[in-house]
Undergrad: 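Here it is, the structure in full.
Small disclaimer: the values here were computed from a predicted structure and weren't measured.
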Amino acid sequence: MADINDILGNERVKEHFIAAVHHKKISHAYIIEGDKGSGKKMLASAFSKILQCETRQKTEEERACNQCESCIQMENKDHPDVIWVSHEKAGVISVGEIREQVVNTVDIMPYKGPYKIYIIDEVHMLSASAFNALLKTLEEPPKHVIFILATTEPHKILPTVLSRCQRYDFKALSPNEIYNVLENVCLKENAAFDKEALMHIAKASDGGLRDALSFLDQALSFCDEKITDDDAASVTGTVSKQKLIDLAEAMKDKKLTE
């Protein structure tokens, strides 16, 4: 099961959320901003799981037990007190959706957990009227409500919304951090690979672990006996290191045809 410790990098951010649980200083609204695939939704889910964990509420631990009914429901994304709001690919999150999923339900007490948590993905996709509707709720939220807003474009969020939230900047992962994950996946799957191929994928994913794992999955399906740099180049839409070297040497030697 996913745990807050399973999130790569961003140690300071994770420490802030764990400290909030330890000191019982839970804010009513958080904004987690960062690049696509950097782990924002995973952090939102992991933090929500800690808050809703039935075992933690009794023992006051700082971690989720990953075994109680609430933890299992969080893992399956069907916890009754954790509401996920996300935009459709076709457009923005409308004021109707915000009213239906958020505004009209915030006053209803949690069904089983201590909190009712709203996780709004890509919150910058809210329409202007939807932002205004959300703002009214953020200004005077019920004590049992927590908002976690995730975004890749915080500059599109109304300043009045930003001012009412604790902001956390989720940094993109380094190529080496992503490489280590890809290497572990290949070792667990007994998949042969060239190290430069995995580093190629790590760099091409531009800090996003989700994209890197997607590229790796494609490469595993695409390759023959092992993942080569050419395989990595094919799935990422880039050029292999050897072909770049050959091109540079041809330019140096003035071999125009090559």
Undergrad: Kindly indicate whether the side chain of Ser70, heavy atoms from C-beta on, has any atom under 4.5 Å from the side chain of His79.
TA: yes
Undergrad: Between Ala20 and Ile26, which heavy-atom pair has the shortest distance, and what is it?
TA: O-CD1, 3.5 Å
Undergrad: For the residue pair Thr152 / Glu122, report whether a side-chain donor-acceptor contact shorter than 3.5 Å exists.
TA: yes
Undergrad: Between Gln218 and Ser221, is any side-chain donor less than 3.5 angstrom from a side-chain acceptor?
TA: no
Undergrad: Rounded to the nearest 0.5 Å, how far does OG of Ser48 lie from CD1 of Ile4?
TA: 10.0 Å
Undergrad: Say whether, by atom type as modelled, one donor and one acceptor occur between the side chain of Lys116 and the main chain of Thr105 under 3.5 angstrom.
TA: yes
Undergrad: Distance check, rounded to the nearest 0.5 Å: Ile146 atom CD1 versus His28 atom NE2?
TA: 10.5 Å
Undergrad: Pair Ile117, Asp81 - check side chain to side chain contact (heavy atoms under 4.5 Å, CB included), show working.
TA: CA-CA 6 Å; Ile117 303 174; Asp81 298 322; over 6 Å; no
Undergrad: Does Asn180 use its side chain to pair, donor to acceptor, with the backbone of Asn176 at less than 3.5 Å?
TA: yes
Undergrad: If you define the side chain from C-beta out and look only at heavy atoms, does anything of Ile148 sit under 4.5 Å from Ile32?
TA: yes
Undergrad: Going through the checks in order, is the salt bridge (charged side-chain N to carboxylate O under 4.0 Å, His left out) test met by Lys14 and Glu11?
TA: CA-CA 5 Å; Lys14 290 188 291 185; Glu11 297 303 324; 3.2 Å; yes
Undergrad: As a quick check of understanding, evaluate side-chain hydrogen bond (donor to acceptor under 3.5 Å, both in side chains) for Ser94 and Glu97, giving each step before the final call.
TA: CA-CA 5 Å; Ser94 69; Glu97 292 174 277; 3.3 Å; yes
Undergrad: Heavy-atom distance under 4.5 Å between the side chains of Lys226 and Asp194, does that happen here?
TA: yes
Undergrad: Is there a side-chain contact between Glu15 and Arg12, using heavy atoms and a 4.5 Å cut-off?
TA: yes
Undergrad: In terms of side-chain geometry, is the basic nitrogen of Lys156 or Glu153 positioned less than 4.0 Å from the acidic oxygen of its partner?
TA: yes
Undergrad: Step by step, would you call Leu158 with Asn132 a side chain to side chain contact (heavy atoms under 4.5 Å, CB included)?
TA: CA-CA 9 Å; Leu158 291 178; Asn132 289 326; 3.9 Å; yes
Undergrad: Can you confirm whether Ile93 sits close enough to Val123 that some side-chain heavy atom of one is under 4.5 Å from a side-chain heavy atom of the other?
TA: no
Undergrad: Do the side chains of Lys171 and Asp169 get close enough for a salt bridge, i.e. N-O under 4.0 angstrom?
TA: yes
Undergrad: Could you check Glu54 against Lys112 for salt bridge (charged side-chain N to carboxylate O under 4.0 Å, His left out), going step by step and ending with a plain yes or no?
TA: CA-CA 9 Å; Glu54 297 166 30; Lys112 62 181 297 183; 3.4 Å; yes
Undergrad: Nearest 0.5 angstrom please: Ile178 CD1 to Phe215 CZ, how far?
TA: 10.5 Å
Undergrad: Find out whether Val235 and Asp231 are in side-chain contact, i.e. whether some heavy atom of one side chain is under 4.5 Å from a heavy atom of the other.
TA: no
Undergrad: Do Ile201 and Asp211 have side chains that get closer than 4.5 Å, going by heavy atoms?
TA: no
Undergrad: Linking I/L/V/M/F/W/Y whenever their side-chain heavy atoms sit closer than 4.5 Å, directly or via other members, would Leu216 and Leu187 fall into one cluster?
TA: yes
Undergrad: Hey, any chance Val106 and Ile108 share a hydrophobic cluster, counting ILVMFWY side chains that come within less than 4.5 Å of each other, even indirectly?
TA: no
Undergrad: Is there a side chain to side chain contact (heavy atoms under 4.5 Å, CB included) between Ile119 and Val82? Walk through the geometry before answering.
TA: CA-CA 7 Å; Ile119 301 174; Val82 179; 3.9 Å; yes
Undergrad: How far apart are the closest heavy atoms of Ala64 and Cys53, and which atoms are they?
TA: CA-SG, 3.9 Å
Undergrad: May I ask whether Leu213 and Leu173 are part of the same hydrophobic cluster, defined by side-chain heavy atoms of I, L, V, M, F, W, Y residues being less than 4.5 angstrom apart, directly or through others?
TA: yes
Undergrad: Hey, what do you get for CE (Met74) to CG (Asn76), rounding to the nearest 0.5 Å?
TA: 10.0 Å
Undergrad: Do we see a donor-acceptor contact under 3.5 Å between the side chains of Glu177 and Tyr179?
TA: no
Undergrad: Should Leu126 and Leu162 be regarded as members of a common hydrophobic cluster, given that ILVMFWY residues are connected when their side-chain heavy atoms come within less than 4.5 Å of each other, either directly or indirectly?
TA: yes
Undergrad: Would you say Glu139 has more than 12 foreign heavy atoms packed within less than 6.0 Å of its CD?
TA: yes
Undergrad: Contact between Arg56 and Arg63 at the side-chain level, heavy atoms closer than 4.5 Å - yes or no?
TA: no
Undergrad: Run Tyr168 and Glu33 through side chain to side chain contact (heavy atoms under 4.5 Å, CB included) and show every step you take.
TA: CA-CA 6 Å; Tyr168 294 92; Glu33 53 193 70; over 6 Å; no
Undergrad: Who are the ring-ring contact (aromatic ring centres under 6.0 Å, His included) partners of Tyr118, not counting sequence neighbours?
TA: Phe147
Undergrad: Just checking, is any N or O donor in the side chain of Ser214 or Asp217 under 3.5 Å from an acceptor N or O on the other one?
TA: no
Undergrad: Quick check on the hydrophobic clustering: are Tyr115 and Ile50 connected, directly or via other members, by side-chain heavy-atom contacts under 4.5 Å?
TA: yes
